Structures are given as structure tokens and as C-alpha cells.
Amino acid sequence: MEALTPQSEGFQAFKRSLARIFHSNGTVVGAGFAIAPGYLITCAHVVTAALNLPADSQDSPQQPIELEFLLAAQGERVTGQVVAWLPYKVAIDAPSLANPADIAILKLDRTPETLTPVTVGEGAWGHQFRILGFPTGVPVGIWASGVLREQMGNGWVSIEDIKAQGRSIEQGFSGAPVWDETLEAVVGMVVQAERPQKNQPNSKVAFMLPVSQLRTVWSRIPGIDIRIDSGVGASPTPPSNPRLRGLQARLKDVSEEIAIGEAQLAATNDDVSRIRLERQLEILYDRYNKIEQQIKNLRVI
């Protein structure tokens, strides 16, 4: 029998970041995860489900949301208040790379001592993933796994379980972080499962919002401390490759420009300056994603 592979410290920390989110009647409506000390990120439609609001509510909810970090502090309930809000409706009406949507960030009233925020990064085609969701009837959660695919026209990334056995990603997985086993970091958040088709009744395809889209929301919060993985996937390309070195240098430069822009955005209270900075950041995010994709393409054997 093949020995089990020990779980890494990074994966253990990832598990401690996982949260389940409750409706006022006590049922679990979805997932979320600690993105930074004192902050949790989830889908906007999970928040509206918890508060029994219409899924396409445009106004940022003011009511507190109850949640629990099941694998870090079981039985210890925490409440969170929405501090950043991109409603679900935008994902339907404006499917664009420049318009990420269905994202909510909550400020927690307190943080359990055993909680560890995740490390985030950018995944790549074919990387194995794991996620923990809370589908109907499984309030303690259940794991699903599969492989990452590619970004689509609306900015979402498709993820797929290619095994015959195992749990499909379904309602209750929304808001769950996607753990990339190659990168050992969170590379996105589950946003939606594909509806079964007549010709593919057993499809196990779902979709995630990649870190590049989540970044546009957390950048609005002053002082938020995100742990970012510096790697860009596994690399079979020799470090002596001059084109790779050039792309990595450009990626670092753009990353520094983004950090400056995000800091300026967090510090400004002027609406005109905010709009200008948001547009500049959209351009930088797009540039970052394109360079990163060039690096990934270069690393394909």
C-alpha cells in the first residue's frame, strides 16, 4: 500500500483559514476564508443567502453575518460586517475582465487565536486543486478535488474534477478557497457550478474567481495585509532562459506599480482621484495577467 503523503505546513494553515457561513436559522449557506488578519472573503451571493436577501442585491448589506472557522476553532462563532462589496448582478450584466463581481469582504469582530490567513498566488492549467464545501445535508463539510483549466471571457477560471468517483462541486461550495497543490497557495474562490446538460449529465465542471479578480476588491481596504506567494507555478524552464528572466523582471516591475497604485487608492478620499486610480489599476492588472500568461506558456513543456 502506498504511504500517505504528509500534509505540508502551508496546507495545514490553509485548512485553518476555512469558514462556514450561517443563515439566521442556523443552516450553512456557503463558505469563506480568512484573506488577511481580521478579514474574510466570500461570494456576495453567499452573504445575501445568509441574510435572506435577493441574490442580486446591489447595496452593500449592513447586517452582521455569523460564521465559524470549523477546522481552527470549532464551536467558536464569529461575526463579520461587509466592508467591500461587488454584487452578484454585475457578473451577469457585465461579463468582462475589467469587471470582477460576486465578491464580498467582511471585517471580523474578532479573530480566533488558532486562525491563519491564506497565502495567495496564481495557478496554472493542469495543476491539481482541493476545496472544502458545505453542500446541503453536509454541514461539517466535504472535500472535492480536480484540475485547474483556463480563464474564460468573463474572467472566471474553469475547474474540473476528472475522476469518475468523488463529490461534484455544487451549491454550498460557493466562497470556498481553491488550493493549488503545485503552488501550495490559494489561487481563487469558487463562484459557481456548471448546470448539468442533457448531453453531459455527470459533468463536474465549476468556476472560480482567480486571485487577479479578488485583488481588485481587497485593494480598496486600507492597510489590509495579504500574504502573496512570489512564485508563478512550477517551472521546467531553466533559469538561464533570457526571455523568462526578462518576463519575470517585467512582472516584478508591474507588481511594484500595482502595490503603489493600491496604496494610493486606499489612501485617497477624492472620488475623481479614486476613479482615475481604479482605471490605472485595471490596466496594470490586465498587463500583469498577460505577462504572467506569457510566463506560463513559456514553461509548458
Side-chain angles (χ1 to χ4, degrees), residues 14 16-91 100-118 120 132-134 139 141 172-177 186 188-191 209 211 213-227 262-263 265-269 271 274 278:
F14 160 73
R16 291 193 294 271
S17 78
L18 301 170
R20 57 180 181 175
I21 296 174
F22 296 97
H23 188 278
S24 58
N25 63 13
T27 60
V28 180
V29 295
F33 59 103
I35 192 70
Y39 292 94
L40 176 128
I41 190 167
T42 184
C43 292
H45 78 264
V46 172
V47 170
T48 56
L51 298 174
N52 205 29
L53 298 171
D56 60 351
S57 296
Q58 296 300 287
D59 295 332
S60 176
Q62 300 302 307
Q63 305 95 311
I65 290 85
E66 191 172 50
L67 55 105
E68 175 190 20
F69 293 97
L70 184 63
L71 301 180
Q74 186 172 2
E76 187 176 341
R77 297 289 178 92
V78 177
T79 59
Q81 197 84 28
V82 175
V83 292
W85 179 253
L86 272 183
Y88 172 73
K89 186 176 180 180
V90 182
D102 205 357
I103 304 169
I105 295 181
L106 279 57
K107 180 76 168 69
L108 304 178
D109 65 337
R110 57 190 174 83
T111 303
E113 292 182 2
T114 51
L115 178 64
T116 307
V118 299
V120 300
L132 179 71
F134 302 93
F173 279 84
S174 292
V186 168
M189 177 175 73
V190 176
V191 65
L209 291 162
V211 164
Q213 290 204 347
L214 302 181
R215 183 190 294 122
T216 66
V217 182
W218 81 53
S219 65
R220 304 177 180 186
I221 302 173
I224 193 167
D225 182 18
I226 307 294
R227 299 171 61 185
E262 289 177 343
L265 181 64
T268 185
N269 294 317
D271 289 341
R274 175 172 289 275
E278 286 176 345

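Predicted model only: the values in this text are computed from it and were never measured. Numbers for residues simply follow the sequence, beginning at 1.
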Practice item. Please name the pair of heavy atoms, one in Ser17 and one in Val118, separated by the smallest distance, quoted to 0.1 Å. Key: OG-CG1, 2.9 Å
**Study point:** Results of side-chain contact (heavy atoms from CB on, under 4.5 Å) for Thr48 - residues two or more places apart only
**Key:** His45, Leu53, Ala55, Ser57, Trp85
Review point. Who pairs with Ala49 by side-chain contact (heavy atoms from CB on, under 4.5 Å), at least two apart in sequence or on another chain?
Key: Val29
Review point. Could you give the distance from CG (Leu18) to CG (Leu115), rounded to the nearest 0.5 Å?
Key: 10.0 Å
Exercise for review: Ignoring hydrogens and angles, tell me if any N or O in the side chain of Arg227 forms a donor-acceptor pair with the backbone of Pro117 under 3.5 Å.
Suggested key: yes
Exercise for review: Using the test salt bridge (Lys or Arg N to Asp or Glu O under 4.0 Å), find all partners of Arg220 that sit at least two apart in sequence or belong to another chain.
Suggested key: none
Review point. Applying salt bridge (Lys or Arg N to Asp or Glu O under 4.0 Å), which residue pairs with at least one partner in residues 28-45 are found, sequence neighbours left out?
Key: none
Check your understanding: Quick one: CH2 on Trp218 to CD1 on Ile105, what's the gap to the nearest 0.5 Å?
Key -> 8.0 Å
Check your understanding: Among pairs that include at least one residue of residues 34-43, which meet salt bridge (Lys or Arg N to Asp or Glu O under 4.0 Å), considering only residues two or more places apart or in two chains?
Key -> none
**Study point:** Residues that Asn25 engages under side-chain contact (heavy atoms from CB on, under 4.5 Å), provided they are two or more places apart
**Key:** His23, Thr27
Study note, to complete from the structure: Asp225 meets the side chain to side chain donor-acceptor pair (under 3.5 Å) criterion, sequence neighbours left out, with none
Check your understanding: Given the rule in the side-chain contact (heavy atoms from CB on, under 4.5 Å) test, do Leu67 and Leu108 qualify, once you have shown the distances and angles that lead to the verdict?
Key -> CA-CA 10 Å; Leu67 55 105; Leu108 304 178; 4.1 Å; yes
Review point. If you measure from CD1 on Ile65 to CG on Leu51, what distance do you get to the nearest 0.5 Å?
Key: 4.5 Å
Study note, to complete from the structure: Quick note, ring pair (Phe, Tyr, Trp, His ring centres under 6.0 Å) partners involving residues 49-84, not counting sequence neighbours, are none
Just distance, no hydrogens or angles: give the donor-acceptor pairs under 3.5 Å from side chains in residues 71-78, sequence neighbours left out.
unit_1 : atom_1 : unit_2 : atom_2 : d
Glu76  : OE2    : Arg110 : NH1    : 2.6
Arg77  : NH1    : Glu66  : OE1    : 3.1

Exercise for review: Give the minimum heavy-atom separation between Ile226 and Ala36, together with the two atoms involved.
Suggested key: CD1-CB, 3.9 Å
Exercise for review: Write down the atom of Ile103, the atom of Met189, and the distance for their closest heavy-atom approach.
Suggested key: CG1-CE, 4.4 Å
**Study point:** Thr42 side, atom OG1; Ile35 side, atom CD1 - distance, nearest 0.5 Å
**Key:** 11.5 Å
Exercise for review: Give the minimum heavy-atom separation between Ser219 and Thr216, together with the two atoms involved.
Suggested key: OG-O, 3.2 Å
Check your understanding: Should Val47 and Pro61 count as side-chain neighbours, where that means a heavy-atom distance under 4.5 Å?
Key -> yes
Exercise for review: Report the C-alpha separation of Tyr39 and Leu106 in whole Å, then their side-chain angles, then the decisive distance to 0.1 Å, and conclude whether the side-chain contact (heavy atoms from CB on, under 4.5 Å) test is met.
Suggested key: CA-CA 6 Å; Tyr39 292 94; Leu106 279 57; over 6 Å; no
Practice item. Run the numbers on Val28 and Ile21 for side-chain contact (heavy atoms from CB on, under 4.5 Å), then give the verdict. Key: CA-CA 6 Å; Val28 180; Ile21 296 174; 5.9 Å; no
Check your understanding: Any side-chain heavy-atom pair from Pro177 and Phe14 closer than 4.5 angstrom?
Key -> yes
Practice item. State the SG-CG distance between Cys43 and Leu86, to the nearest 0.5 angstrom. Key: 11.5 Å
Practice item. Only counting residues at least two apart or in another chain, list the ones meeting ring-ring contact (aromatic ring centres under 6.0 Å, His included) with Phe33. Key: none
Practice item. Determine whether Val120 and Leu214 make a side-chain contact, defined as any pair of heavy atoms from C-beta on separated by less than 4.5 Å. Key: no
Point to revise | Minimum side-chain heavy-atom gap Ser60-Val82 below 4.5 Å | key: yes
**Study point:** Selection residues 17-38 - residue pairs positive for salt bridge (Lys or Arg N to Asp or Glu O under 4.0 Å), sequence neighbours left out
**Key:** Arg20-Glu68
**Study point:** Ser24: partners by side-chain contact (heavy atoms from CB on, under 4.5 Å), with sequence neighbours left out
**Key:** none
Check your understanding: Is there a side-chain contact (heavy atoms from CB on, under 4.5 Å) between Leu209 and Val190 once you walk through the steps?
Key -> CA-CA 6 Å; Leu209 291 162; Val190 176; over 6 Å; no
**Study point:** Under 3.5 Å: donor-acceptor pair, side chain of Asp109, backbone of Thr79
**Key:** yes
